[in-house]
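Residue numbers start from 1 in every chain, and the chains themselves are labelled A, B, ... in the order their sequence lines are given, proteins ahead of strands.
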Number of protein chains: 2
Amino acid sequence: MKILVVDDDPDILEILSYNLKAEGYKIFTAENGIEAVKIAKKRQPHLVILDVMMPEMDGIEACEKIRETPGLESTIITFLTARGEDYSQVAGFDAGADDYITKPVKPKVLMSKVKALLRRFKTDAKQNNILSIGDITINQDEYKVINEGNEMTLPRKEFELLSLLTSEPNKVFKRDDILNTVWGSEVVVGGRTIDVHIRKLREKLGDDKFKTVKGVGYKFVYE
Amino acid sequence: MKILVVDDDPDILEILSYNLKAEGYKIFTAENGIEAVKIAKKRQPHLVILDVMMPEMDGIEACEKIRETPGLESTIITFLTARGEDYSQVAGFDAGADDYITKPVKPKVLMSKVKALLRRFKTDAKQNNILSIGDITINQDEYKVINEGNEMTLPRKEFELLSLLTSEPNKVFKRDDILNTVWGSEVVVGGRTIDVHIRKLREKLGDDKFKTVKGVGYKFVYE
DNA sequence: TATATTCTTAACTTTAAGCTAATATTCAAA
DNA sequence: TTTGAATATTAGCTTAAAGTTAAGAATATA
């Protein structure tokens with residue numbers, strides 16, 4: 001589970017990150033709204049913890065921007081704000097936030113909130129057959145892929161190949177196995193066919209995401 | 001739930017929109033009667049909040065026009081008027097309005113009114129098996145469809161195909177699944193039959209609403 | 001029964017996914 | 001460093017899949 005923490009105060013960033021990492025979450029950080037939107041696009045976090053008062057772009061605007069990004073419509077966003085800034089509570093939910101945390105937070109409280117929010121997400125994602133690995137989100141129902149915020153629909157063979165490779169990130173799939181699963185055991189295709197499809201995927205999703213293991217096959221690289 | 005707010009005063013528009021959005025409603029706005037009728041046709045709101053005194057076309061006339069539009073006969077319309085303009089109260093109900101709100105309104109009062117009105121609508125819609133997605137409204141009982149204000153009755157097969165596709169917007173339905181649900185598993189029909197029906201739907205409801213995913217199937221595109 | 005509407009088919013066209021083949025490039029073993 | 005087998009890259013071609021049309025079954029309607 002990936003969490004993006006946004007706050008202009010490095011100390012708070014540090015404290016939150018430390019606690020969340022200890023629970024096994026993958027943490028990204030940003031120090032202002034602009035950065036937050038950029039990283040959210042690239043990293044597709046499951047949860048965003050967003051300070052309201054920030055330089056450059058405040059949390060509310062960032063929240064709206066994130067909500068407009070394809071693939072992030074249902075990302076869980078929770079605001080983080082000093083006690084008493086009461087106007088923002090309304091504005092926050094208006095911008096599409098899901099919850100609200102007041103500073104200072106006790107780690108225990110934070111954890112239980114985060115857990116509760118992510119639990120909700122899990123059931124959502126399952127319902128929609130959505131798989132998220134690294135920067136990529138794959139929607140099996142809609143034959144759609146979101147890569148670093150760019151939505152695209154892949155042709156069938158490419159989609160199936162990507163589905164196979166991402167089903168076990170970092171595992172090397174042998175060329176034979178790929179042929180068997182994506183093409184079926186009866187179909188016979190030339191030796192360069194897989195390469196061509198891999199090339200297309202690299203073109204669309206990024207060269208570095210697919211690694212060739214010479215003499216064996218290919219793998220989808222994750223981290 | 002979609003709400004259309006109509007007032008010639010941008011400030012009032014702003015205040016109302018802000019408060020309603022905060023409650024999670026989808027808001028459209030218009031600044032006069034003519035615009036209001038046009039947008040109501042296109043967007044098929046569940047509720048219209050309509051100022052009485054407006055340039056171009058007043059609220060009462062707009063109300064009548066909306067009520068005459070197919071698919072909007074049972075849209076909930078509530079007038080908004082300055083306290084004391086008492087003649088209009090009668091004229092308003094005569095024109096087919098459901099309720100009456102006097103300016104200035106306290107947000108809390110507005111909210112509870114809106115909620116109460118929409119609650120009524122919900123039960124109505126459920127009773128009549130009405131489904132609304134984007135510009136399209138589907139009436140299951142009457143095999144009727146309203147597309148951007150144009151009412152039409154679709155032949156059975158077309159209607160069933162549309163019902164299936166809209167049951168999960170954006171999901172790609174495989175050709176096999178479509179055949180199974182719409183035609184049944186025993187019936188065998190030629191390979192081009194589905195295409196022909198899709199073509200008819202595209203003709204009637206708009207090309208872009210149905211997307212082909214080659215080698216897989218079709219989906220109803222929403223947003 | 002006559003008539004209109006809906007549904008399916010069949011023949012043909014169009015499209016783009018997928019494949020091939022030819023050439024270039026890489027990489028690891030010798 | 002060389003070398004050859006494995007992979008990368010391209011563009012063009014092929015073909016399966018979808019689009020289109022009209023005609024005539026099949027149904028429903030008057």
**Prompt:** Does any residue of residues 205-220 of chain B have a heavy atom under 4.0 Å from DNA chain C, and if so, which ones, in number order?
**Reply:** B:Lys214
**Presence of B:Trp183 side-chain N/O under 4.0 Å of C:dC7 phosphate oxygens OP1/OP2** = no
**Asked** Does A:His197 make a side-chain N or O approach to OP1 or OP2 of C:dC19 shorter than 4.0 Å?
**Response** yes
**Prompt:** Do the side-chain N or O atoms of A:Arg192 get closer than 4.0 angstrom to the phosphate oxygens (OP1, OP2) of D:dT10?
**Reply:** no
**Request:** Walk me through it: do B:Lys211 and A:Thr153 pass the test side-chain hydrogen bond (donor to acceptor under 3.5 Å, both in side chains)?
**Result:** CA-CA 11 Å; B:Lys211 175 149 192 240; A:Thr153 49; 3.1 Å; yes
**Message:** Does a side-chain N or O of B:Arg199 approach OP1 or OP2 of D:dT21 to a distance below 4.0 Å, or not?
**Reply:** yes
**Prompt:** For the helix from C:dT1-D:dA30 to C:dA30-D:dT1, how many degrees between its two end axes (five pairs per end), to the nearest 10°?
**Reply:** 40°
**Pair A:Glu148 + A:Lys209, salt bridge at N-O below 4.0 Å** = yes
**OP1 or OP2 of C:dC7 under 4.0 Å from side-chain N/O of B:Thr193** = no
**Asked** CD1/A:Ile198 to CZ/A:Arg175 distance, rounded to the nearest 0.5 angstrom?
**Response** 8.5 Å
**Item:** Crowding at OH, A:Tyr18 (>12 non-hydrogen neighbours, <6.0 Å)
**Value:** no
**Message:** Please give me every residue in residues 151-175 of chain A whose heavy atoms get under 4.0 Å of an atom in DNA chain C, ordered by residue number.
**Reply:** A:Pro155, A:Arg156, A:Lys157
**Under 3.5 Å side-chain donor-acceptor pair for A:Thr137 and A:Gln44** = yes
**Fill in**
In whole angstroms, the gap separating C1' of D:dA22 from CG of B:Asp195 amounts to 16 Å
**Complete:** When rounded to whole Å, the CD1 to P distance for the pair A:Ile194 and C:dC19 reads 10 Å
**Asked** Counting distance only, does the side-chain N/O of A:Glu35 pair as donor-acceptor with the main-chain N or O of A:Glu31 below 3.5 Å?
**Response** yes
